[in-house]
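Inspection log for the structure reproduced underneath, given as structure tokens.
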Number of protein chains: 2
Amino acid sequence: MSSTLQTLDRGLLALKIVSEHNEGISIAKLAEELEVHRTIAYRIVATLESHALLTRTQGGTLRLGAGITLLASRFEPQLHTVALPLLKTLAKATRATAFISLAQGEECMVTLVAEPEEGMLRVGYRVGSRHPLTQGAAGIAILAGRAPKEEDSPEVKQARADGYSLTRGQLQRGAVGVATHIPTTQSRSGMEACVGVVAMDDLDSERAIREVKISAIQLAELIGQ
Amino acid sequence: MSSTLQTLDRGLLALKIVSEHNEGISIAKLAEELEVHRTIAYRIVATLESHALLTRTQGGTLRLGAGITLLASRFEPQLHTVALPLLKTLAKATRATAFISLAQGEECMVTLVAEPEEGMLRVGYRVGSRHPLTQGAAGIAILAGRAPKEEDSPEVKQARADGYSLTRGQLQRGAVGVATHIPTTQSRSGMEACVGVVAMDDLDSERAIREVKISAIQLAELIGQ
DNA sequence: CAATAATTATCTATTATAGAAACAAAAAAT
DNA sequence: ATTTTTTGTTTCTATAATAGATAATTATTG
């Protein structure tokens, strides 16, 4: 039961709240959302500001600061800049929403999404959303990319054998997901990533599997080594 | 004398330290660098981890987490809302395509563009396109914004002396670029940015230089501190 | 299998923080 | 012009949260 620190937690929450307000947010409102006294919000802001993670515009509204880009540039720089065009292609080819997810402890997190342009309905998959590794095509694909273990679920074993995972309705009723592990990412940085698509039940899964596999190989090559 | 919060400050410092270790860092070493007891480092890590800003690889070493990309993806839109109006003004005043570029390792990347409304031909400059820092007005402007080095090219030295860089045909035949470093951004946040314009050979360069310089100052104020 | 390292859990003194309150200054409304 | 509201600082104190130690537990490694 590893405990967390309240003050740090609140600060990070503040960062998140500011990030969610594109138009900026006032300190008063931030305090409200954090459910803390105004004074505290000022102190939190001052601290985040001193690390350039937050700035205040003339009007006094808060916005994310440039320090974010520095952190971001140190986080696996290639992956995202390189991957977006490829994801768009994948989305078009499969007529489904394409994504990249990263392992994060026992969860996996969606970090990049490309939606298909055509099609009446499309499945939205929000960047930043997280779910357990044991659920959904993405998580299973990541587990399948790891060394085999006793306790692997049948699905994971299957995915490891097939080179892809396919799930139906695990995260959302009526949604199908196909994903596969991106090789080589792990060895270099310890990061574990997968690429895949989600769609309604009408997904052409044969094709999706093929395309997702190709994308994974291309990504691995692009990222290098 | 707006005070800061120790716990939050340490947490953010931890984030920075981890970001500086490409190969990852152990908790023990992190504690050392933070000059806190190991126990505290564990709590800091747990908190950062719960926000997906940090992960631990199999080996137990710490790395930046996927949550960074989420914040980063929200930083750019916020920068844009603030900077775009200014870029539009710049584009209009110079009748050229105005841009902001950020340093990204050894390259620089275009993150925001505003095209002039009038004029027959306009130079398109694609957001996301990258080129080496050593080439083109933008890259040279960024290098000129750094502390002087022995190995600086004559162009960089010139740009540093002049307060702007002007290149012809380096990235594209027949194109002229003028750019200047946005001051004050680097020191705290680590971000290195420049603003500039590109146009065909017919650019009124005197005017462009003047306008770009003004924009840089204004942006410095907008972006923060 | 010992020995070392990594991790988690428990505990208490004390410090850092929370939160209030009071105050000044600037905006907004009257 | 003068209230009223909002925004930003400062000071203060109770207390809760944190720091840091110690110890117990679990992995790793030679």
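Note that the structure is a prediction, hence the values are computed from the model and not measured. What you see below is based on every heavy atom in this structure, not just the backbone, and it leaves out hydrogens, waters and symmetry mates. Every chain is numbered from 1, with letters handed out A, B, ... down the list of sequences.
Direction of the helix axis in the helix from dC1(C)-dG30(D) to dT30(C)-dA1(D) shifts by 50° between the two five-pair termini, rounded to 10°.
Applying the side chain to side chain donor-acceptor pair (under 3.5 Å) test to pairs two or more places apart or on separate chains, those with a residue in residues 71-80 of chain B are Ser19(A)-Arg74(B). Note on residues 23-35 of chain B: pairs passing side chain to side chain donor-acceptor pair (under 3.5 Å), not counting sequence neighbours, are His21(B)-Glu33(B). Sorted by first and then second residue, the ring pair (Phe, Tyr, Trp, His ring centres under 6.0 Å) pairs with a member in residues 84-106 of chain B read Phe99(B)-Tyr125(B); sequence neighbours excluded.
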Between side-chain atoms of residues 87-94 of chain B and protein atoms elsewhere (two or more places apart, or another chain), which donor-acceptor pairs fall under 3.5 Å?
{"unit_1": "Thr89(B)", "atom_1": "OG1", "unit_2": "Pro85(B)", "atom_2": "O", "d": "2.9"}
{"unit_1": "Thr94(B)", "atom_1": "OG1", "unit_2": "Leu90(B)", "atom_2": "O", "d": "2.7"}
{"unit_1": "Thr94(B)", "atom_1": "OG1", "unit_2": "Ala96(B)", "atom_2": "N", "d": "3.4"}

All N/O donor-acceptor pairs, side-chain side in residues 208-218 of chain A, below 3.5 Å, sequence neighbours left out:
{"unit_1": "Glu211(A)", "atom_1": "OE2", "unit_2": "Arg207(A)", "atom_2": "NH2", "d": "3.4"}
{"unit_1": "Lys213(A)", "atom_1": "NZ", "unit_2": "Asp162(A)", "atom_2": "O", "d": "3.2"}
{"unit_1": "Ser215(A)", "atom_1": "OG", "unit_2": "Glu211(A)", "atom_2": "O", "d": "3.0"}

| note | Letter by letter from the 5' end, nucleotides 16-26 of chain C scores (B base, S sugar-phosphate only, - none; protein heavy atoms under 4.0 Å) SSBBBB-----
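Annotation: side chain to side chain donor-acceptor pair (under 3.5 Å) contacts of Ser129(A) (sequence neighbours excluded): none. Thr61(B) is linked by a side chain to side chain donor-acceptor pair (under 3.5 Å) to Thr57(B), counting only residues two or more places apart in sequence or in another chain. When the side chain to side chain donor-acceptor pair (under 3.5 Å) test is applied to Arg130(A), the partners found at least two apart in sequence or on another chain are Glu107(A). In this structure Arg160(B) satisfies the side chain to side chain donor-acceptor pair (under 3.5 Å) test together with Asp152(B), sequence neighbours excluded.
Between Arg146(B) and Glu192(B) a salt bridge is recorded (basic side-chain N to carboxylate O distance below 4.0 Å).
Spacing between atom NZ of Lys29(A) and atom P of dT7(D) amounts to 11 Å, rounded to whole angstrom units. When rounded to the nearest whole Å, the span between CD1 of Ile27(A) and P of dT5(D) equals 22 Å. Atom CG of Leu34(B) is separated from atom C1' of dT18(D) by 15 Å (rounded to the nearest Å). Atoms OH (Tyr42(A)) and C1' (dG8(D)) sit 4 Å apart, rounded to a whole Å.
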Detail all sub-3.5 Å separations between protein N/O atoms and N/O atoms belonging to nucleotides 25-30 of chain D.
none

